[in-house]
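A short write-up of the structure that comes next.
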Amino acid sequence: MPSYPPEPFRIKVTEPIRLIPPEERRTALLAAGYNVFAIRAEDIFIDLLTDSGTGAMSDRQWAAIMQGDESYAGARSYFRLAEAVKGIFGFERFVPTHQGRAAENILSAVLVRPGQYVPSNMHFDTTDANIRARGGRPANLVIDEASDPQDRHPFKGNMDTAKLKAFIGKVGVENVPLGMITVTNNAGGGQPVALENIKAVAETYHSFGIPFYIDAARYAENAYFIKLREPGYADKSTLEIAREMFALADGFCFSAKKDAIVNIGGLLATRDEKIFQAIKNELILREGFPTYGGLAGRDLEAMAVGLYEGLDETYLAYRLDQTAYLGERIREAGLQIVEPPGGHAIYIDAGALLPHIPHGEFPGQSLAVELYLEGGIRGCEIGSVMFAHADPETGGMVYPKLELVRLAIPRRMYTQSHMDYVAETLGKIARRAGSLRGYKFTYAPEALRHFTAKFAPL
Ligand code: F0G
């Protein structure tokens, strides 16, 4: 059995969770139209739907919350956050936002014009959608290794700089208002990006005069992967590595709901004074005054403390080991996962487990439903429900290469016994995988359909 890292914290506050009986789970699932997004959280035993905003705050964060300064303008809490942002990221010009996608919206509103392109390794779906909402065209230029689930490349989130140069050459530098990279690459399995690669990407963008922005949601996990895996970084602290990463960037957007371990919050930062002015104007219109940006003073306090806690190396070692432990146990239970395990989640290869269910009958959906029925566990389908679409030219269906179920691990929330339970439940399902059936839509909206679609079993 793989070894489990002892949690570097003890539990001071608890929240009950309950495994409701099998027949009640079936009733809940039927009422939800077989979509786990529509199940009441109270009816879930282990909730691995997302690691976003679901983490447990520390006693220090809760203490900081009591010190929130709720002044409309110039609150003390803003200046505490500004110190953390300067100390970690090295940026003076930044605004708080209520979450990551609000930062993406403002960044896109300020920089992206219709018909322009925004390359990245892989955009997360909200970033993708915010660029498109401004008429822009997101492009994913991750290395080829990322699409092979069994390839164990240590930095599978890296961007292909040859592809990037060719891409900019093809679309024309005047049509690329900014370039991005996502760390870690959530859409590609939570895989890290090497510092060497971030440097090469920054140099490429800068050689064309294109500003470089980082989608920093899981930057601390990325920094710890660099420390573990990249030659020359073993003796650097994650804080030093983070500073080195952000020194290369002209700006970043950040969902604080991940590595700042808060339940709500985000950031948008830039080095460019003119862009900063435009960001502030847009922020005032949509989020709030620049010193609070859609958050309460107490939220800024919790973020300021959480930013440093998220970088703590004892915590990060535990965090990545916990994820790897779950991956190892799931592998032992006979399932294939996207290798190597990422930082925040394990991505199960449902296509490999259920070869008898074709793409069009949603193998990932079938596994997500079974996880709930068998063990009250909620994961998230990342496959044909989310991505399959009709080709605009031929009308034929285009299916994603991989049919995955993501099990995202909330930070500081679940213990080893919860992870063991998840792996054991998956083992039971794997032993009768041949009996699982496919699903069909009974309702599906046009866009982002996984959130609200309804299904029936075949
Ligand atoms: N960027 C990345 C890489 C993300 O993973 C997310 C959110 C966002 C931006 C948007 O941030 O939710 O604060 O608006 N990811 C969540 C997830 C929702 O489940 O992976 P947000």
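All figures in this text were calculated on a predicted structure; none of them were measured in a lab. Indexing begins at 1, ligand by ligand and atom by atom, following the structure's order. Position 1 is the first residue of the sequence; numbering continues from there.
Around ligand 1 you find Thr50, Ser52, Gln99, Gly100, Arg101, Glu104, Phe124, Thr126, Thr182, Asn186, Asp215, Ala217, Arg218, Ser255, Lys257, Lys258, Arg406, each with a heavy-atom distance below 4.0 Å.
Atom CD of Glu361 has more than 12 heavy atoms from other residues, nucleotides or ligands within 6.0 Å.
Checked against the 6.0 Å centroid criterion, the rings of Tyr78 and Phe94 qualify as a close aromatic pair. Aromatic pair Phe387/Tyr399: ring centres not closer than 6.0 Å. Aromatic ring centroids of Phe212 and Tyr205 lie under 6.0 Å apart. Checked against a 6.0 Å centroid threshold, the rings of Phe37 and Phe451 count as neighbours.
The cationic group of Arg271 lies under 6.0 Å from the six-membered ring centre of Phe91 and within 45° of the ring axis, placing it in a cation-pi geometry.
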